[in-house]
Amino acid sequence: MDLSFIKGDDNVACAALIVCELPDFEVVYEDITMVPLTVPYIPGFLGFREAPSLVDAFFRLCDTQPSLVPECLLVDGNGALHPRGFGLASHIGVLCDIPTVGVAKNLYHMDGIVRDDDHKQKISQLCKPGDHFALDTSAGETLGLALKTSASSTKPVYVSVGHKISLVTAAWIVCHCSKFRIPEPVRQADVRSREFIRKHKEHQELNKT
DNA sequence: GCGACAG
DNA sequence: ATCTTGTCGC
């Protein structure tokens with residue numbers, strides 16, 4: 001039920017697609033691969049850098065385990081909460097033709113949406129999982145939500161529409177997938193890709209001498 | 001003009 | 001994103 005991405009070094013990263021099954025988020029499929037990166041990281045253009053490898057992983061899932069293709073992807077990055085309204089989650093949704101939700105761990109500043117004192121004040125008002133507030137542009141358009149996902153975290157996650165889903169539904173899904181701050185499918189993709197990178201580096205060390 | 005800026 | 005030590009609490 002997800003997708004994520006981890007960086008190895010400058011030219012190679014680790015793409016991870018994890019499928020979790022309810023009710024306990026048991027991992028029933030994982031596709032973790034080292035991928036070469038040719039496009040640099042430029043804020044605002046993350047989709048062009050990371051979407052291709054992740055879309056590849058999704059199509060591998062479609063080919064090999066069609067019965068495990070989820071109804072929705074949770075993407076580590078923004079969707080509509082983006083300077084041009086089209087972040088990584090939007091790229092993946094369109095290319096894979098599947099509903100996607102953007103889940104960012106940090107706020108990406110843009111027109112009228114900044115981590116100022118007002119924003120910090122609103123965060124401090126969030127008290128229980130599910131509490132949230134809208135992220136509105138200076139023109140009054142809601143691009144996403146700051147959502148508290150776990151009782152023990154001060155920091156919210158930033159949820160936005162990726163593709164073929166409403167913001168309310170997106171927030172509902174993120175909320176119900178969260179044991180900790182980061183929704184479990186994204187967290188598993190994160191944990192497992194780090195682990196993969198660690199083993200990969202060990203393997204490289206052995207081959208040196 | 002300069003810095004900040006999802007991962 | 002990554003590097004890094006300890007610390008607190010269940």
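The chains referred to below are lettered A, B, ... by the order of the sequence lines, with proteins before strands, and numbering in each begins at 1.
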S.K.: Take atom CZ of A:F45 and atom P of C:dA1, then tell me their distance rounded to the nearest Å.
M.R.: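 One finds 21 Å between P of C:dA1 and CZ of A:F45, rounded.
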S.K.: In whole angstrom, what separates A:F196's CZ from C:dA1's P?
M.R.: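 That distance rounds to 19 Å.
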S.K.: Would you say that A:P185 contacts A:I18 through its side chain, given a criterion of any heavy-atom pair below 4.5 Å between the two side chains?
M.R.: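 In short, these two side chains do not touch, never coming nearer than 4.5 Å.
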S.K.: Could you state the atom-to-atom distance from OH of A:Y158 to P of B:dC5 in whole Å?
M.R.: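 Going from OH in A:Y158 over to P in B:dC5 covers 12 Å.
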S.K.: Please give, in whole Å, the distance from C:dC3 C1' to A:I197 CD1?
M.R.: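 In whole Å, C:dC3 C1' lies 14 Å from A:I197 CD1.
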S.K.: Dot-bracket, DNA chain C: Watson-Crick or G-U, under 3.5 angstrom, [ ] crossing, | other strand?
M.R.: ..........
S.K.: Closer than 4.0 angstrom, basic N to acidic O: yes or no for A:R192 and A:E195?
M.R.: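 No salt bridge links A:R192 with A:E195.
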S.K.: Salt-bridge test for A:R194 and A:D190: reply yes if a basic N is under 4.0 Å from a carboxylate O, no otherwise.
M.R.: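 Answer for the salt bridge query: yes.
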S.K.: Side chains of A:T149 and A:F180: does their closest heavy-atom pair fall under 4.5 Å?
M.R.: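 A:T149 does not reach A:F180 side chain to side chain.
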S.K.: Could you tell me whether A:G44 contacts a base, only the sugar-phosphate backbone, or nothing, with contacts defined as non-hydrogen atoms closer than 4.0 Å?
M.R.: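 The answer is base, as A:G44 lies within the cut-off (heavy atoms under 4.0 Å) of a base atom.
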S.K.: Can you tell me the distance, in whole Å, between the CZ atom of A:F180 and the P atom of C:dC10?
M.R.: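 One finds 15 Å between P of C:dC10 and CZ of A:F180, rounded.
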S.K.: Do any side-chain nitrogens or oxygens of A:N106 fall under 4.0 Å of OP1 or OP2 in B:dC5?
M.R.: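 A:N106 to B:dC5 OP1/OP2: no side-chain N or O under 4.0 Å.
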S.K.: Of all residues at least two apart in sequence or in a different chain, which pass the ring pair (Phe, Tyr, Trp, His ring centres under 6.0 Å) check with A:H91?
M.R.: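 For A:H91 the ring pair (Phe, Tyr, Trp, His ring centres under 6.0 Å) partners, ignoring immediate neighbours, are A:F48, A:F86.
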S.K.: Which whole-number value in Å describes the distance from A:I182 CD1 to B:dA6 C1'?
M.R.: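 Rounded to the whole Å, the gap is 12 Å.
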S.K.: Verify the stacking flag for A:Y41 against C:dA1: centroid separation must be under 5.5 angstrom and the ring planes must differ by under 30 degrees.
M.R.: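 No; centroid distance or tilt outside limits.
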S.K.: Hey, does A:Y158 have a side-chain heavy atom less than 4.5 Å from the side chain of A:N106?
M.R.: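 Result no, sub-4.5 Å side-chain heavy-atom pair not found.
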S.K.: Just to confirm, is there a sub-4.0 Å distance from OP1 or OP2 of C:dT2 to any side-chain nitrogen or oxygen of A:R194?
M.R.: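 Indeed, a polar side-chain atom of A:R194 lies that close.
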S.K.: For DNA chain B, produce a single dot-bracket line, 5' to 3'. Pairs: Watson-Crick or G-U wobble, both distances under 3.5 Å. Symbols: ( ) within strand, [ ] crossing, | other strand, . unpaired.
M.R.: .......
S.K.: Is it true that a side-chain atom of A:T100 and a backbone atom of A:L73 form a donor plus acceptor pair closer than 3.5 Å?
M.R.: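 Not confirmed, A:T100 side chain does not pair with A:L73 backbone.
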S.K.: Nearest whole angstrom, please: distance from the P of C:dT2 to the CD of A:E195.
M.R.: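 My rounded result for the distance is 14 Å.
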S.K.: Got a donor-acceptor contact below 3.5 angstrom from the A:H163 side chain to the A:I98 backbone?
M.R.: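 No; zero donor-acceptor contacts below 3.5 Å.
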S.K.: Of all the choices, B:dC5, B:dG7, B:dA6, which nucleotide is nearest to the side chain of A:R115 once you look at every atom?
M.R.: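 The answer is B:dC5.
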S.K.: Which part of the nucleic acid, if any, lies within reach of A:L81 when heavy atoms closer than 4.0 Å are counted: base, sugar-phosphate only, or nothing?
M.R.: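 Counting heavy atoms under 4.0 Å across all strands, no contact is made by A:L81.
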S.K.: Assess whether a salt bridge exists between A:D63 and A:R60, defined as any Lys/Arg side-chain N lying under 4.0 Å from an Asp/Glu carboxylate O.
M.R.: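 A:R60 and A:D63: not salt-bridged.
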S.K.: Could you tell me the separation between the NE2 atom of A:H109 and the C1' atom of B:dA4, rounded to a whole number of Å?
M.R.: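 These atoms are roughly 8 Å apart.
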